[in-house]
Amino acid sequence: MDCLFCKVIDRKIPASIVYEDDHVLAFNDINPQAPTHVLVVPKRHIATLNDLEPGDDPTVGELVRRAAAIAKERGIWAGGFRTVFNTNSDAGQTVFHIHLHLLGGRSLKWPPG
Ligand code: 5GP
Ligand code: ZN
């Protein structure tokens, strides 16, 4: 499958990896939008949130809890951070392997553009 993030997971494309376990990989975004901009991805390929099945619930939980744990490590846990899944074109999804953006380290505006 021609998927950029599967290639990162398989080490066919280099990335600045910040966390790895059996189910989850987290790495720094190549084009960071905040002092912390980490992508947290499942190792199993899932294209979009629209493709989630009930059996994926534990995986999604792991992504969210891992993002919070990385925020804690970075010292942005208490001050606040943002977690975002973009889905399909209106949200600007460009890589079709689900990824939770963890953004923080600066004040973030709401609503997003
Ligand atoms: P999306 O727009 O799909 O929600 O987010 C895709 C993200 O992947 C973007 O923030 C983009 O900067 C990041 N990205 C795209 N290509 C690469 C890459 O090769 N390596 C890394 N680390 N991030 C990437
Ligand atoms: Zn993939």
Side-chain angles (χ1 to χ4, degrees):
M1 188 189 314
D2 195 29
C3 169
L4 184 65
F5 289 168
C6 282
K7 288 178 184 160
V8 170
I9 291 160
D10 293 339
R11 305 297 202 273
K12 290 177 181 150
I13 291 177
S16 168
I17 292 169
V18 302
Y19 176 84
E20 179 168 29
D21 65 26
D22 287 348
H23 303 128
V24 173
L25 189 72
F27 49 94
N28 289 311
D29 197 291
I30 205 167
N31 182 23
Q33 301 301 312
T36 286
H37 188 174
V38 173
L39 303 173
V40 189
V41 310
K43 286 195 168 172
R44 197 160 48 78
H45 181 86
I46 302 168
T48 79
L49 290 200
N50 295 340
D51 301 295
L52 288 173
E53 295 176 358
D56 297 320
D57 289 1
T59 302
V60 175
E62 287 179 47
L63 300 181
V64 176
R65 281 206 316 117
R66 183 51 50 191
I70 295 167
K72 188 175 189 181
E73 279 171 20
R74 302 275 178 109
I76 59 171
W77 197 50
F81 58 89
R82 183 168 295 160
T83 45
V84 178
F85 287 105
N86 291 320
T87 300
N88 284 340
S89 60
D90 273 0
Q93 185 176 5
T94 58
V95 179
F96 288 83
H97 179 131
I98 64 169
H99 46 282
L100 183 56
H101 293 260
L102 165 63
L103 294 147
R106 66 171 173 85
S107 178
L108 299 163
K109 291 195 174 13
W110 191 264

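Sequential numbering from 1 along the given sequence is applied to the chain's residues. Counting starts at 1 for both ligands and their atoms, following the listed order. No hydrogens, no waters, no symmetry mates; every other heavy atom, side chains included, goes into these values.
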If hydrophobic clusters are built by linking Ile, Leu, Val, Met, Phe, Trp and Tyr wherever their side-chain heavy atoms come under 4.5 Å apart, do Y19 and I9 end up in the same one? no
Identity and distance of the protein heavy atom lying nearest atom 3 (O) of ligand 1: T94 N, 2.7 Å
Nitrogen or oxygen atoms of V95 and ligand 1 under 3.5 Å apart: yes
Result for side chain to side chain contact (heavy atoms under 4.5 Å, CB included) between L49 and one of N86, N88, T87 points to T87
Given that the side chain starts at C-beta and the backbone is N, CA, C, O, which of these parts of L4 lies under 4.0 Å from ligand 1, counting heavy atoms, or is it both or neither? side chain
What protein heavy atom lies closest to atom 22 (N) of ligand 1? Include the residue and the distance to one decimal. N28 O, 3.0 Å
Which atoms from ligand 1 have a heavy atom of N31 less than 4.0 Å away? 12 (O)
Non-hydrogen atoms of G92 versus ligand 1: any pair closer than 4.0 Å? yes
Using the six-membered ring wherever Trp is involved, compare the ring planes of H101 and H37 and label them parallel, tilted or perpendicular (cut-offs 30° and 60°). tilted
Which atom of H97 is nearest the Zn ion (ligand 2), counting N, O or S only? It is ND1
Distance-only N or O hit between ligand 1 and Q93, under 3.5 Å: no
Closest protein heavy atom to atom 1 (P) of ligand 1, given as residue, atom name and distance to 0.1 Å: H99 NE2, 3.1 Å
Against ligand 1, does V8 come closer than 4.0 Å with any heavy atom? no
Using non-hydrogen atoms of the residue, decide whether Q33 is closer than 4.0 angstrom to ligand 1. no
Please work out, at 4.0 Å between heavy atoms, whether the side chain, the backbone, both, or neither of F5 comes within that distance of ligand 1. side chain
Could you check atom 11 (C) of ligand 1 against the protein and tell me its nearest heavy-atom contact, residue, atom and distance included? D29 OD1, 3.4 Å
Give a yes or no on whether V8 and L39 share a hydrophobic cluster (residues Ile, Leu, Val, Met, Phe, Trp, Tyr; joining criterion: side-chain heavy atoms under 4.5 Å apart). yes
Less than 4.0 angstrom from a charged side-chain N to a carboxylate O is my criterion; do R11 and E20 meet it? yes
Need the ligand 1 atom indices (1-based, order shown) with element for anything under 4.0 Å from a heavy-atom of N86. 4 (O)
Ligand 1 atoms in contact with F27 (distance to a heavy atom under 4.0 Å): 22 (N)
Which value, rounded to 10°, describes the ND1(H45)-the Zn ion (ligand 2)-SG(C3) angle? 110°
In the protein, which heavy atom is nearest to atom 24 (C) of ligand 1, and how far is it? I30 CG2, 3.4 Å
